[in-house]
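Encoded as structure tokens, the structure appears first; notes follow it.
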Number of protein chains: 2
Amino acid sequence: MYERKTPLSIDCGLHLTREVLNGKWKPALLYAISMDIKRPSEILRLLPGVTRRVLNVQLKELETHGMVEKKTYPQLPPKVEYSLTEIGRSLIPVIDAMNQWGDANRSFLETVIAQDPKIGETSKSICLKYGHMLVERKIG
Amino acid sequence: MYERKTPLSIDCGLHLTREVLNGKWKPALLYAISMDIKRPSEILRLLPGVTRRVLNVQLKELETHGMVEKKTYPQLPPKVEYSLTEIGRSLIPVIDAMNQWGDANRSFLETVIAQDPKIGETSKSICLKYGHMLVERKIG
DNA sequence: CAGAATCCACCAGGATACTG
DNA sequence: CAGTATCCTGGTGGATTCTG
């Protein structure tokens, strides 16, 4: 009577994805790592807003959720590198879609969200930082 | 020297999108409305987890962010209908991507998130509800 | 450079009850 | 059916400090 026997849920997936991406910096972290910005110090430089502690916490969550892998080099000074897992990599297109939508509607969104002082500063500085990185990466 | 003069930020868009989608039920709400489940009572029936108050709050935010429009019919009993705006509609593909990714990796994600008792019940009941809706909508 | 331990403030979101 | 007012708490994420 209806096309699919198991009426694939409409919302479950949404909730699961939300769960994985739940955390102020998670999408950005995944995105950064996907760009080979894989060392904590690099990430901290990239995202002026995030704290060491929060960075660790959220990376840890991404790790336990199987989105990223952590490689620790027992050196001095210590060195740590994160990389996307298979499934983590499969999330990038989604994050990319989010990013592109936000970019495409930036002016409108900035206006509309203007009242909300939350992200204003943060996101702007991040923009600059990222722009910088882009240049560096393109040139280097 | 580098391909684009204005090195389109990588993260701004992400933050803006996060801002709009920030709220436990926002993606689901947009999704529901996109499916013509537009009346508050319908939505409440659909999402067993959400409260009247929270529903109102988040719908209000979506409204002030320009994602949805609210139409009030001054009747008795009162009748209210929400609809997506142009830009709100443009967000659906993104939400759809989130949803599909979650669905595609459901078994893995459920396992991995299992420790986290947060959503367990909620998302399951939502699945059922939604499945139901699908059937109803396909048949009706 | 990486990261663990505390401490804390804030707010999102849930429960409840009441009005039109 | 829709909406509002209170109240309350759990968790997120920020600041700080200290180790290897």
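Chain naming here is simple, since letters A, B, ... match the order of the sequence lines and numbering starts at 1 in each. Since this is a predicted model, take the numbers as computed values, not measurements.
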Exercise answer: donor-acceptor pairs, residues 73-95 of chain A side-chain atoms, under 3.5 Å, sequence neighbours excluded:
unit_1, atom_1, unit_2, atom_2, d
A:Y73, OH, A:E81, OE1, 3.3
A:T85, OG1, A:G66, O, 2.6
A:T85, OG1, A:M67, O, 3.1
A:T85, OG1, A:G88, N, 3.0
A:E86, OE1, A:R89, NH1, 3.2
A:R89, NH2, A:L84, O, 3.2
A:S90, OG, A:I87, O, 2.5
A:S90, OG, B:W101, NE1, 2.8

Please name all residues satisfying side-chain hydrogen bond (donor to acceptor under 3.5 Å, both in side chains) with B:Q100, sequence neighbours left out, ordered by chain then number.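 B:Q100: side-chain hydrogen bond (donor to acceptor under 3.5 Å, both in side chains) contacts with B:D96.
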Which residues pass the side-chain hydrogen bond (donor to acceptor under 3.5 Å, both in side chains) test with A:E61, sequence neighbours left out? A:K26
Residue set satisfying side-chain contact (heavy atoms from CB on, under 4.5 Å) with B:E42, at least two apart, ordered chain then number -> B:I37, B:K38, B:R39, B:R45
By side-chain contact (heavy atoms from CB on, under 4.5 Å), which residues pair with A:L44, not counting sequence neighbours?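 Checked A:L44 against side-chain contact (heavy atoms from CB on, under 4.5 Å); matches are A:V50, A:R52, A:L55.
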Ignoring backbone atoms, establish whether B:Q75 has a side-chain N or O less than 4.0 Å from OP1 or OP2 of D:dC1. no
Does A:S41 make a side-chain N or O approach to OP1 or OP2 of C:dA2 shorter than 4.0 Å? yes
Regarding [X], tell me which of base, sugar-phosphate or nothing describes its non-hydrogen contacts under 4.0 Å with the strands shown.
X: A:K26; result: nothing
X: A:K60; result: nothing
X: B:P40; result: sugar-phosphate

Report the end-to-end axis angle of the helix from C:dC1-D:dG20 to C:dG20-D:dC1; each axis comes from five terminal pairs, and the value is rounded to 10°.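 Between the axes fitted at each end of the helix from C:dC1-D:dG20 to C:dG20-D:dC1 lies an angle of 40°.
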A:Q58 side chain: which of C:dT16, C:dG13, D:dG13 is closest? D:dG13
Quick one: which protein N/O atoms are closer than 3.5 Å to N/O atoms of nucleotides 6-10 of chain D? Pair and distance per line, please.
unit_1, atom_1, unit_2, atom_2, d
D:dT6, O4, B:R53, NE, 3.2

